[in-house]
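Below is one structure, written out as structure tokens; the observations come after it.
Proteins get letters first, then strands, A, B, ... in listed order; numbering begins at 1 in each.
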Protein chains: 2
Amino acid sequence: MKDVASAAGVALKTVSRVVNGEPGVHPATAERVRAAIHRLGYSRNESARMLRRGRTATIGLVIEDVADPFYSGLSRAVEEVVIDHGCLLLSGSSGEQPGRERELVETFCARRVDGLIVVPAGEDHTYLRSELEAGTPVVFADRPPGAGLDVDTVLADNVSGAGQAVRHLLGHGHSRIAFLGDDPAIFTAAQRLQGYRAALGGLYDERLVSMRPPSLEAVRADLAGMLALDEPPTAVFAGNGRYTVTVLRALAGRRLALVGFDDFELADLLQPGVTVVAQDPSWMGRVAAELLFRRLRGDVGPSEHIELPVRLIPRGSGEIAAHP
Amino acid sequence: MKDVASAAGVALKTVSRVVNGEPGVHPATAERVRAAIHRLGYSRNESARMLRRGRTATIGLVIEDVADPFYSGLSRAVEEVVIDHGCLLLSGSSGEQPGRERELVETFCARRVDGLIVVPAGEDHTYLRSELEAGTPVVFADRPPGAGLDVDTVLADNVSGAGQAVRHLLGHGHSRIAFLGDDPAIFTAAQRLQGYRAALGGLYDERLVSMRPPSLEAVRADLAGMLALDEPPTAVFAGNGRYTVTVLRALAGRRLALVGFDDFELADLLQPGVTVVAQDPSWMGRVAAELLFRRLRGDVGPSEHIELPVRLIPRGSGEIAAHP
DNA sequence: GAGGGGTCCGACAACGTTGTCAACCGGTTA
DNA sequence: TAACCGGTTGACAACGTTGTCGGACCCCTC
């Protein structure tokens with residue numbers, strides 16, 4: 001910038017004015033400055049700008065895994081909103097490790113992001129308190145923060161979604177419905193279990209429930225165990241997208257009824273099509289990002305807790321009737 | 001930091017030393033400083049640090065779309081490598097728009113990223129020249145840069161992959177093989193067309209080729225047109241992952257042989273399983289990122305042009321024999 | 001011709017960090 | 001005793017930008 005200034009024969013401040021489109025610069029001068037900028041290939045040093053202005057025009061996003069379609073969809077939607085607001089997105093994958101989540105958040109904070117969107121991996125978010133007190137808005141998405149933190153949250157309606165799935169299967173004559181889902185330490189998994197259990201009422205049987213990280217071997221073994229029971233399940237409710245896929249593989253053509261939480265590409269092309277409770281990751285991302293920007297614009301109302309509806313999409317696998 | 005210094009009763013520089021783990025600070029002093037840091041919830045301002053040091057420990061990644069599994073896989077792998085090197089990843093989706101690609105690159109450069117990985121959307125990358133001359137290493141992935149730019153490149157072996165696909169179909173008795181792919185302005189699409197054409201030799205018939213953005217309606221119409229020919233195709237080669245899925249939908253159960261470029265989840269669970277030419281997006285990301293860091297460590301050898309092999313995975317759809 | 005108001009421009013400080021260099025202190029050596 | 005040394009510590013400038021303020025100049029009015 002100094003070079004540009006001397007090349008154009010003006011003061012530093014004038015170049016700054018031109019670069020930022022501030023008024024009060026003679027058109028001819030501005031043109032000269034622009035020419036010098038172009039000639040020297042100058043581009044503003046954002047680090048210096050951020051330091052001086054105290055705003056970074058950067059938003060941080062912590063997700064579980066970009067390679068998971070749910071989070072990449074969410075991520076893309078957040079990016080869209082962030083770009084529309086003239087900001088840049090920093091994002092990172094926690095890989096479901098609380099330590100990694102915290103590291104990411106702290107790295108982002110050290111870079112003085114203007115706001116954060118977090119899909120938490122851990123339970124304890126007290127480390128965020130100082131940042132919140134410093135005025136950085138934070139929105140939790142997909143999962144709420146650990147106890148004692150009162151911040152904006154955007155969730156899917158997991159409980160009623162699981163209820164819909166179970167009632168759908170009940171409606172097709174099933175009374176032995178298995179639930180295969182992620183570790184109940186994960187909020188969404190626990191919520192879906194709760195919805196499942198509530199909808200089943202007296203039909204609930206813990207022998208039909210298996211919750212742990214989705215590996216093909218584990219799911220295959222658990223399913224085999226359940227199918228060997230005196231009253232084996234005739235239907236399966238899968239706790240998330242990855243689980244649904246794993247269950248499909250483990251079933252290997254066995255015709256059990258199946259409803260999965262989360263929609264996924266090709267669910268309609270399988271034989272039979274896979275009935276799912278669909279959430280909309282883009283919507284969740286958009287809502288979270290827009291809420292964040294509302295806070296950045298100065299909205300200081302009480303923290304919001306949004307629950308996005310989900311909907312059941314029948315495609316065949318969930319409509320397989322129970323054998324009498 | 002100033003506050004920490006006065007709280008600990010030391011000079012600014014001493015705090016800096018402690019924060020950066022520099023030697024030459026008395027353990028007791030360091031402890032006092034650390035206590036003050038903890039008490040005040042201090043965290044280093046990275047903007048200031050970047051400004052002062054001239055290094056940002058940041059890598060920029062421009063991809064086509066995070067929500068596309070190919071790129072999200074690549075993205076995740078790049079992130080992994082970047083983190084291992086103690087850096088942070090800035091990434092953005094160009095959405096196949098050259099203007100957006102350029103904006104992203106320029107935004108990243110304004111933030112003084114230490115290096116760039118680009119999946120280009122456009123043809124003209126002369127705007128990168130000044131940055132390259134300034135010494136910022138750039139690696140192109142998945143697609144090469146436009147003419148006249150000699151930089152490191154990591155590609156998949158598209159031509160021979162397409163050849164493999166076509167020869168596989170020829171081997172199952174097909175002589176009328178359609179190619180449905182993306183706009184040939186996209187490098188990978190053009191390369192795959194070239195491989196397809198070379199493998200077909202005299203059997204090539206331009207009436208069996210359709211290249212444009214993959215919309216279900218367009219693909220359906222093109223397929224219908226081809227099937228209405230006197231000698232309709234008995235097999236289809238789909239030019240990329242999205243195309244494969246679209247073709248599957250458009251075929252709507254019609255039993256044509258099909259080989260797709262790019263693997264995708266559930267390809268094995270469809271009926272029949274979908275035969276694909278698989279690339280490895282994680283591998284590509286890892287290779288590109290590692291190449292970039294080698295440059296950052298000072299390797300100034302001539303630019304490298306890596307071509308990653310692809311492999312055909314037979315799953316059923318590509319082994320449907322031609323009707324005589 | 002003096003005063004007032006507008007437009008355009010520049011000097012200077014400050015943002016929070018780190019690299020450079022010099023100062024200090026206790027003990028050892030010549 | 002003076003010179004010297006290694007281990008600690010601090011003062012200061014600089015990184016590139018922007019906010020504040022004031023000065024120079026022109027045109028208009030009385």
Side-chain angles (χ1 to χ4, degrees), chain A residues 1-34 36-37 40-58 86 88 106-114 131 134-136, chain B residues 1-34 36-37 40-58 86 88 106-114 131 134-136:
Chain A
M1 188 146 163
K2 204 164 45 176
D3 301 337
V4 173
S6 59
V10 297
L12 218 55
K13 180 68 218 195
T14 303
V15 180
S16 169
R17 274 193 265 257
V18 173
V19 168
N20 292 299
E22 289 173 29
V25 179
H26 193 88
T29 316
E31 201 35 63
R32 230 168 55 237
V33 171
R34 268 190 291 270
I37 287 176
L40 301 181
Y42 162 83
S43 100
R44 178 169 60 195
N45 183 323
E46 292 292 332
S47 301
R49 178 168 219 247
M50 294 186 240
L51 171 59
R52 178 62 235 238
R53 311 220 327 174
R55 269 203 62 212
T56 57
T58 310
L88 201 61
E106 283 172 350
T107 307
F108 291 167
C109 289
R111 301 217 172 199
R112 300 292 187 266
V113 291
D114 295 335
E131 202 60 32
T136 310
Chain B
M1 188 145 162
K2 205 165 42 180
D3 301 338
V4 174
S6 59
V10 296
L12 217 54
K13 180 66 218 197
T14 302
V15 180
S16 169
R17 274 192 265 258
V18 173
V19 168
N20 293 298
E22 288 173 29
V25 178
H26 194 88
T29 316
E31 202 34 65
R32 230 169 54 237
V33 171
R34 268 191 291 271
I37 286 176
L40 300 180
Y42 163 83
S43 100
R44 179 169 61 196
N45 182 323
E46 293 292 332
S47 301
R49 178 168 219 248
M50 295 186 243
L51 171 60
R52 179 60 234 239
R53 310 220 328 173
R55 270 203 62 213
T56 57
T58 310
L88 202 60
E106 284 172 350
T107 308
F108 290 168
C109 289
R111 301 217 172 198
R112 300 293 186 268
V113 291
D114 295 335
E131 202 59 32
T136 311

Exercise for the section: Sequence neighbours left out, what passes side chain to side chain contact (heavy atoms under 4.5 Å, CB included) with B/Arg53? Give chain and number order. Expected result: B/Arg49

Problem - Partner set under side chain to side chain contact (heavy atoms under 4.5 Å, CB included) for A/Ala36, not counting sequence neighbours - result: A/Val4, A/Ala7, A/Ala8, A/Arg39

Completion exercise
Students should find that the end-to-end axis angle of the helix from C/dG1-D/dC30 to C/dA30-D/dT1, with five pairs defining each axis and rounding to 10 degrees, is 70°

Handout entry: Nearest non-hydrogen partners of B/Ser47 and A/Arg111, listed with the distance
Key = OG-O, 4.4 Å

Exercise for the section: List for me each residue that meets side chain to side chain contact (heavy atoms under 4.5 Å, CB included) alongside B/Ala48, sequence neighbours excluded, and say none if there are none. Expected result: A/Leu51, B/Asn45

Completion exercise
Its 5'-most and 3'-most nucleotides having an atom under 4.0 Å from a non-hydrogen atom of chain B, DNA chain D is contacted over D/dT8 to D/dG16

Completion exercise
Per nearest nucleotide of DNA chain D, the residue lying toward the 5' end, B/Arg112 or B/Arg17, is B/Arg17

Problem - Residues from residues 4-12 of chain A lying under 4.0 Å of DNA chain D - heavy atoms - result: A/Leu12

Exercise for the section: Looking at every strand, decide which applies to B/Thr14 at a 4.0 Å heavy-atom threshold: base, sugar-phosphate, or nothing. Expected result: sugar-phosphate

Practice task
Check side-chain hydrogen bond (donor to acceptor under 3.5 Å, both in side chains) between B/Arg112 and all other residues, then give those that pass, not counting sequence neighbours.
Solution key: A/Ser43

Practice task
Check every strand shown and say whether B/Arg44 touches a base, only sugar-phosphate, or nothing at a heavy-atom separation below 4.0 Å.
Solution key: sugar-phosphate

Exercise for the section: State which residues pass salt bridge (charged side-chain N to carboxylate O under 4.0 Å, His left out) with B/Arg34; sequence neighbours excluded, sorted by chain then number. Expected result: B/Glu31

Problem - A/Thr136 vs A/Asp114, side chain to side chain contact (heavy atoms under 4.5 Å, CB included): CA-CA, chis, key distance, verdict - result: CA-CA 6 Å; A/Thr136 310; A/Asp114 295 335; over 6 Å; no

Fill in the blank from the handout: Looking only at heavy atoms, the pair that brings B/Thr56 and B/Val113 closest together is OG1-CA, 3.7 Å

Problem - Under the side chain to side chain contact (heavy atoms under 4.5 Å, CB included) test, residues paired with A/Leu12 that sit two or more places apart - result: A/Met1, A/Lys2, A/Ala5

Exercise for the section: State which residues pass salt bridge (charged side-chain N to carboxylate O under 4.0 Å, His left out) with A/Glu22; sequence neighbours excluded, sorted by chain then number. Expected result: none

Problem - DNA chain D: 5'-proximal contact among B/Lys13 and A/Ala48 (nearest heavy atom) - result: B/Lys13

Exercise for the section: Kindly compute the distance separating CG (A/Leu88) from CZ (B/Phe108), expressed to the nearest 0.5 Å. Expected result: 5.5 Å

Problem - Near-strand residues of residues 18-34 of chain B, defined as heavy-atom separation under 4.0 angstrom from DNA chain D - result: B/Gly24, B/Val25, B/His26, B/Thr29

Practice task
Go through the structure and list residues passing salt bridge (charged side-chain N to carboxylate O under 4.0 Å, His left out) with B/Arg44, not counting sequence neighbours.
Solution key: B/Glu46

